[in-house]
Protein chains: 2
Amino acid sequence: MNIKEVAARAGLPAKTIRYYEEIGLIRPLRGANGYRSFRDSDLHKLAFLGRARSLGFSIEECRALLALYEDQSRASSDVKALAGKHLDQIAAKIRELQEMQATLQQLVGACAGDQRPDCPILQGLADPAGLTRIKTDCCA
Amino acid sequence: MNIKEVAARAGLPAKTIRYYEEIGLIRPLRGANGYRSFRDSDLHKLAFLGRARSLGFSIEECRALLALYEDQSRASSDVKALAGKHLDQIAAKIRELQEMQATLQQLVGACAGDQRPDCPILQGLADPAGLTRIKTDCCA
DNA sequence: TCTTGACCTTCCAGTGACTGGAAGCCCCAT
DNA sequence: ATGGGGCTTCCAGTCACTGGAAGGTCAAGA
């Protein structure tokens, strides 16, 4: 299989596949012409990587997952620990974004959005006391 | 004010402040010795930037916000539109993370996490049908 | 006066995970 | 032989910093 076909099948850009080889995630064979020659096992690894990446695992986490996947004597507790740690990171990121969202929603909600220059959003950014005041008014 | 003091007051690393000058977000004066000399207005801008960044606005969005902040004849609708677009992005990101979270939670929940190699997490990553099956089992 | 140490400067390189593009083979069909 | 698509490598850019080296400046103490 040449790179274009494996890219289509794995659902990854060819560029990304070359990059994954460069950083040692896969090691496709090479034909006499220098072209990469992908086996089914390469395709499977790439699809695995694509799914792990789409779940937000970092490249290094993907490398560890792939190593566990290939290790027949792995303990599922190791996989679960890795995934659990990642879940914690996702949860933390969600909380962080929700805090941003809440603050910003209050500012946007307080802004008239008309032709006048007065703007609680800019006031909130310029002065955290103002921002707090809005919150206080809202929740009081 | 020298950079260290303004950094402490604005709550930003000195490195970041130099970077913000480099990309034209601020233009502090210079003393005869070549040191940056920050006015109160620079400090205010830096604090503004720090808050906007902490709400997830990109540097270019911050640049636009700062321009609106300085433009006395702005329309608050412009600010509200910018903030609203950013809120949409935040909401989209949260949804994306929640989808990852849901999928990963199902996989982690199905994994025994013991000394045996059998692992639904790896199976789910290796084979989306397996992943779907888990979901189906769960929701059926 | 000299020295020490904290502070300041610039410049260069690296992060993560790609992505775009240029220059140049290779292969197949016409 | 020519054209077009596919393949190769390498370099540069993204975003928002961050670390570190090399060197100038300043104020306080011996």
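Only a predicted model underlies this, so the values are computations on that prediction, with no experimental measurement involved. The sequence lines fix the lettering, A, B, ..., with proteins before strands; numbering per chain opens at 1.
- In this structure, the CZ atom of A/R63 is 12 Å from the P atom of C/dC18, given to the nearest Å.
- For residues 83-116 of chain B, the set of pairs meeting the ring-ring contact (aromatic ring centres under 6.0 Å, His included) definition, not counting sequence neighbours, comprises B/F57-B/H86.
- Considering all non-hydrogen atoms of both residues, B/C62 and B/A52 come closest at SG-CB, 3.6 Å.
- In the helix from C/dT1-D/dA30 to C/dT30-D/dA1, the terminal helix axes, each the rotation mapping four pairs' C1' atoms onto the next four within five end pairs, subtend 40°, rounded to 10°.
- With values rounded to the nearest 0.5 angstrom, A/T103 atom OG1 is found 9.0 Å from B/I90 atom CD1.
- With salt bridges taken as basic N to acidic carboxylate O contacts below 4.0 Å, none links B/K45 and B/D42.
- Taking B/D114 as the reference, A/S76, B/A112, B/R116 meet the side chain to side chain contact (heavy atoms under 4.5 Å, CB included) condition, with sequence neighbours excluded.
- You can see that DNA chain D meets the heavy atoms of chain B within a 4.0 Å-exclusive cut from D/dA16 to D/dC26, reading 5' to 3'.
- Straight-line distance from the CD1 atom of A/I59 to the P atom of C/dT15: 14 Å, rounded to whole Å.
- Under the salt bridge (charged side-chain N to carboxylate O under 4.0 Å, His left out) criterion, A/D78 pairs with no residue, sequence neighbours left out.
- One distance of note links CD1 of A/I17 with CG of A/L12; it measures 5.5 Å at 0.5 Å rounding.
- Under the rule for a side chain to side chain contact (heavy atoms under 4.5 Å, CB included), the partners of A/A47 that lie at least two apart in sequence or sit in another chain are A/R51.
- Sorted by first then second residue, the salt bridge (Lys or Arg N to Asp or Glu O under 4.0 Å) pairs that include residues 6-27 of chain B, not counting sequence neighbours, are B/E5-B/R9, B/E21-B/R30, B/E21-B/R36.
- Distance A/F57 CZ to C/dA17 C1': 17 Å, rounded to the nearest Å.
- For DNA chain C, the residues of residues 9-23 of chain B within the heavy-atom distance limit of 4.0 Å (strictly under) are B/K15, B/R18, sorted by number.
- Scored by the side chain to side chain donor-acceptor pair (under 3.5 Å) test, A/R63 finds A/E60 as partners (sequence neighbours excluded).
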Check nucleotides 25-28 of chain C for protein N or O atoms closer than 3.5 Å to its own N or O atoms and list the pairs.
residue : atom : partner : partner atom : Å
C/dC27  : OP1  : A/N33   : ND2          : 3.4

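- At whole-Å resolution of the value, CZ in B/R36 and C1' in C/dT9 are 7 Å apart.
- The distance from atom CZ of B/F48 to atom CG of B/L66, rounded to the nearest 0.5 Å, is 5.5 Å.
- Annotation: side chain to side chain contact (heavy atoms under 4.5 Å, CB included) contacts of A/Q115 (sequence neighbours excluded): B/A75, B/S77.
- Among residues two or more places apart in sequence or in another chain, the side chain to side chain contact (heavy atoms under 4.5 Å, CB included) test is passed with B/Q72 by none.
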